[in-house]
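So the structure is just underneath, and the comments pick up after that.
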Amino acid sequence: MSALARLKRRAEFLRVAGSRRKWAAPGLVLQAAPSPDDASGTPRIGFTASRKVGIAVERNRARRRLRAAVAATMPLHAAAGHDYVLIARAETVRRPYADLLGDLETGLKRLGLWR
RNA sequence: CCAGAUGGCCGGAUGGCCGCGCUUCGGCGUCACAGGCGAAGCGAGGAAAGUCCGGGCUCCAUGGAAACACGGUGCCGGCUAACGGCCGGCGGGGGCGACCCCAGGGAAAGUGCCACAGAAACAUACCGCCUAUCGAAGCCUUCGGGCGGCGAGGCAAGGGUGAAAUGGUGCGGUAAGAGCGCACCGCGCUUCCGGCAACGGCGGCGGCAGGGCAAACCCCACCGGGAGCAAGACCAAGUAGGGAUGGCCGGCCUGCCGCAAGGCGAGGCCGGGUGCGUUUCCGCAUCGCCAUCCGGGUCGGUCGCGCGAGGCGCUUGGCGACAAGCGUCCCAGAGGAAUGGCCAUCCCCCGCCGCAAGGCGGGGACAGAACCCGGCUUACAGGCCAUCUGGCAAU
RNA sequence: UGGGGGAUCGUCUAACGGUAGGACAGCGGACUCUGACUCCGCCAGUCUAGGUUCGAAUCCUAGUCCCCCAG
């Protein structure tokens, strides 16, 4: 994930969620917001897997699959100068990988951040 | 072969492409770091889980002790750093058996409880049984007495109630009965023997010496300071050194207010208050104290943090838990948190098609380190090994 | 991650180890021209599994779920 950065603070997640730009797909929920300080910087990604997703094994699996999908797609196609939050759902663990990639791509297109 | 018991073990395998974390090395870069590039090595579990116990480690309290309080454990012996764990025994219960299960000290130290029912739940008599003993109505009489069963009295066998009714069965015995006597069983005490002990065995004595509950209070024995890696240490940055409300002391001196009586935490001293679990003496800290609320700062980094009661193998001792010795290995260290994503082949299971070879499709348990270790408990697809038991068949 | 607390009708809340009670809600009925109020009745529950006890919501053990706290 060399071309991407990570979101780590709770406040950052809340700020992205407060922007209300989101797209819900069967495999994931994508939220996005412009970066506060650097409009042309590298995209920053955050992952969330709540207890609704499942036990710790399933939460870890969901987050890893999302991270793999991001590594395959977003360095090339995500618009710069934005923060993204990916929320795992219960389906994220079982959804076929190709569909998961499709969810992420259509999410980026729907939010107008496809590049 | 079938059914079962116990103990131990495994927890999919191989490869490819793309990635992640840590360590080391190389070169780039830098005054030196940082950073990023490449390579190599390593990278979840038997339960990592629940957080139910025990320790290590860290800080606080530790001053000096005793008593009290509180919490825990509970047959005996051993193992262990320790344990509520483990091993071996004992006792009780279950199973044809291999084997399994048991909080399993004390109820004549004391207190308490035992609802309803029942006469009575710890010391009793409702129904009942009896008339030997004492008194009496009535009846009979050969006038000696007898019958009668009202009262006093005796009894606890039977009925009934209950979870539980003061040893059980049988024989004798008696007015009726009763360990009242005897035999066997049970129980208590005890000589001797075996055992370190729990306990067991043989014998003797005692007629029973006194219901249940201690996962009720309790007694006895033993153990235990408190908090926890968000412990704690260091570096960097940085604000404040507060405010409001309410409640609660005495004496003396000074000061202030007041003409005075007097008042006032403004100050000091003494008593004292508060804290160190409680009490006692002593000691220490703090002088206003206590409660509630408000206000202000940070949300960074490094260490702690991976050689340990360590893993594996062999030998020796021990029934065993385990211990000792020798050899060998280094084996995760993240921090919105790495240990992965995808694909292929093989293995196992299920379904469908097929005579078959095989083909197609689906699935592969429980579950993710967060300071570490020893246990316990709980979850778990499928499989392997060893020993043993019962049954059937054959030899 | 560590520490602490709790679970009783749909909701809130009682119950020395001895029949699980009350309020609200719901349903039915009565009163009323109708509704409200009021009255009567019904519906229902001890988180789960074992154990101790004659008897467990209560005591003990294990599990499940929920809530709170933290430098």
Side-chain angles (χ1 to χ4, degrees):
Chain A
M1 225 187 290
S2 60
L4 301 173
R6 287 289 291 278
L7 292 180
K8 294 187 173 180
R9 301 212 185 293
R10 175 174 169 78
E12 296 169 341
F13 280 80
L14 291 177
R15 191 182 61 76
V16 174
S19 78
R20 307 205 179 248
R21 294 179 71 188
K22 68 172 186 180
W23 167 251
L28 55 89
V29 175
L30 177 67
Q31 296 176 328
S35 293
D37 40 18
D38 188 4
S40 62
T42 57
R44 301 195 299 171
I45 318 291
F47 300 95
T48 292
S50 75
R51 288 181 61 190
K52 284 187 208 168
V53 176
I55 58 175
V57 170
E58 290 169 320
R59 294 199 299 271
N60 287 338
R61 173 67 40 79
R63 180 160 30 79
R64 285 162 181 162
R65 297 193 79 197
L66 288 179
R67 214 174 53 200
V70 163
T73 308
M74 296 188 76
L76 298 174
H77 299 299
H82 285 74
D83 290 345
Y84 302 87
V85 170
L86 284 161
I87 303 174
R89 314 184 72 182
E91 268 302 304
T92 307
V93 178
R94 288 182 293 278
R95 192 157 174 83
Y97 184 67
D99 294 348
L100 202 60
L101 283 176
D103 288 343
L104 182 56
E105 289 172 5
T106 57
L108 285 173
K109 288 172 182 169
R110 286 286 187 141
L111 295 183
L113 297 172
W114 179 265
R115 167 161 72 86

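Letters A, B, ... are given to chains in the order of the sequence lines, protein chains preceding strands, and every chain is numbered from 1. Atom set for the values below is all heavy atoms of this structure, side chains included, hydrogens, waters and symmetry mates excluded.
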Checklist entry - Which nucleotide, in any strand shown, forms a Watson-Crick or G-U wobble pair with B:A266, with both distances under 3.5 Å? => result B:U254

Next on the checklist: I'd like to check the side-chain hydrogen bond (donor to acceptor under 3.5 Å, both in side chains) partners of A:Arg89; sequence neighbours left out, ordered by chain and number.
Outcome noted: none

Next on the checklist: Tell me the interatomic distance from A:Glu58, atom CD, to B:G368, atom C1', rounded to whole angstroms.
Outcome noted: 12 Å

Checklist entry - So which one's nearest nucleotide on RNA chain B is more toward 5', A:Ile55 or A:Gly46? => result A:Gly46

Next on the checklist: Please name the nucleotide paired to C:C31 by Watson-Crick or G-U wobble geometry with both distances under 3.5 Å, or report none.
Outcome noted: none

Next on the checklist: Quick check: closest heavy atoms across A:Ala69 and A:Leu104, and the distance to 0.1 Å?
Outcome noted: O-CD2, 3.8 Å

Item to check | Complement of B:G144, any strand, by Watson-Crick or G-U distances under 3.5 angstrom | outcome: none

Next on the checklist: Between C1' on B:A49 and CZ on A:Arg59, what's the gap in Å once rounded to a whole number?
Outcome noted: 13 Å

Next on the checklist: With a 3.5 Å limit on both atom pairs, tell me what C:C47 is paired to, counting Watson-Crick and G-U wobble, or say none.
Outcome noted: C:G63

Checklist entry - For B:A44, is chi within 90° of 0 (syn) or not (anti)? => result syn

Next on the checklist: Could you tell me how far B:G203 sits from B:U191 if I compare only their C1' atoms? Round to whole Å.
Outcome noted: 8 Å

Item to check | B:C373 and B:A48, which share atom name P, separated by this distance in whole Å | outcome: 9 Å

Next on the checklist: Between B:C256 and B:G267, how far apart are the two P atoms, rounded to whole Å?
Outcome noted: 15 Å

Item to check | pair A:Val70-A:Arg67: side-chain heavy atoms closer than 4.5 Å | outcome: no

Next on the checklist: Looking at every heavy atom in both A:Leu30 and A:Gly107, which two are closest together, and how far apart are they?
Outcome noted: CD2-C, 3.7 Å

Checklist outcome for this item: Between A:Phe47 and the options A:Val85, A:Leu86, A:Ile87, A:Leu28, the side-chain contact (heavy atoms from CB on, under 4.5 Å) test singles out A:Leu86

Next on the checklist: With syn defined as a glycosidic angle within 90° of 0 and anti as the rest, where does B:U131 land?
Outcome noted: anti

Using a cutoff of under 3.5 Å, can you pull out all pairs of nitrogen or oxygen atoms linking the protein to nucleotides 338-344 of chain B, with atom names and distances?
unit_1, atom_1, unit_2, atom_2, d
B:A338, OP1, A:Arg63, NH1, 2.6
B:U339, OP1, A:Arg67, NH2, 2.9
B:U339, OP2, A:Arg64, NE, 2.7
B:U339, OP2, A:Arg64, NH2, 3.3
B:G341, OP1, A:Arg61, NE, 2.7
B:C342, OP1, A:Arg65, NE, 3.3
B:C342, OP1, A:Arg65, NH2, 2.8

Checklist outcome for this item: Partner of B:A48 under the Watson-Crick or G-U wobble criteria, both distances under 3.5 Å, comes out as none

Next on the checklist: If I pick the P atom on B:G226 and the same atom on B:U278, what distance separates them, to the nearest angstrom?
Outcome noted: 16 Å

Checklist entry - With both distances under 3.5 angstrom, what nucleotide forms a Watson-Crick or G-U wobble pair with B:G390? => result B:C2

Checklist outcome for this item: Applying the 3.5 Å cut-off to both distances, the Watson-Crick or G-U partner of B:C113 turns out to be B:G212

Checklist entry - Expressed in whole Å, how much space separates the P atoms belonging to B:G273 and B:C289? => result 16 Å

Item to check | Pairs involving residues 91-115 of chain A, ordered by first then second residue, that meet ring pair (Phe, Tyr, Trp, His ring centres under 6.0 Å) (sequence neighbours left out) | outcome: A:His77-A:Trp114

Next on the checklist: Going by the glycosidic torsion and a 90 degree boundary from 0, is the base of B:G158 oriented syn or anti?
Outcome noted: anti

Item to check | Span that lies between the P atom of B:G78 and that of B:C42, in whole angstrom | outcome: 49 Å

Item to check | Same-atom distance (C1') from B:G93 to B:G46, integer angstrom | outcome: 35 Å

Item to check | Watson-Crick or G-U wobble mate for B:U298, both contacts under 3.5 Å | outcome: none

Checklist entry - Tell me, which pairs form a salt bridge (charged side-chain N to carboxylate O under 4.0 Å, His left out) where one or both residues lie in residues 98-112 of chain A, sequence neighbours left out? => result A:Arg95-A:Asp103

Checklist entry - Expressed as a whole number of Å, how far does the P atom of B:C101 sit from that of B:G106? => result 24 Å

Item to check | side-chain contact (heavy atoms from CB on, under 4.5 Å) involving A:Arg59 - partner list, sequence neighbours excluded | outcome: A:Ala49, A:Arg51, A:Val53, A:Ala56

Checklist entry - If anything within 90° of 0 is syn and all else is anti, what is B:G46? => result syn

Checklist entry - Which heavy atom in A:Ala32 sits nearest to a heavy atom in A:Tyr84, and how many Å separate them? => result CB-CD2, 3.9 Å

Item to check | Glycosidic conformation of B:C331, taking syn as within 90° of 0 and anti otherwise | outcome: syn

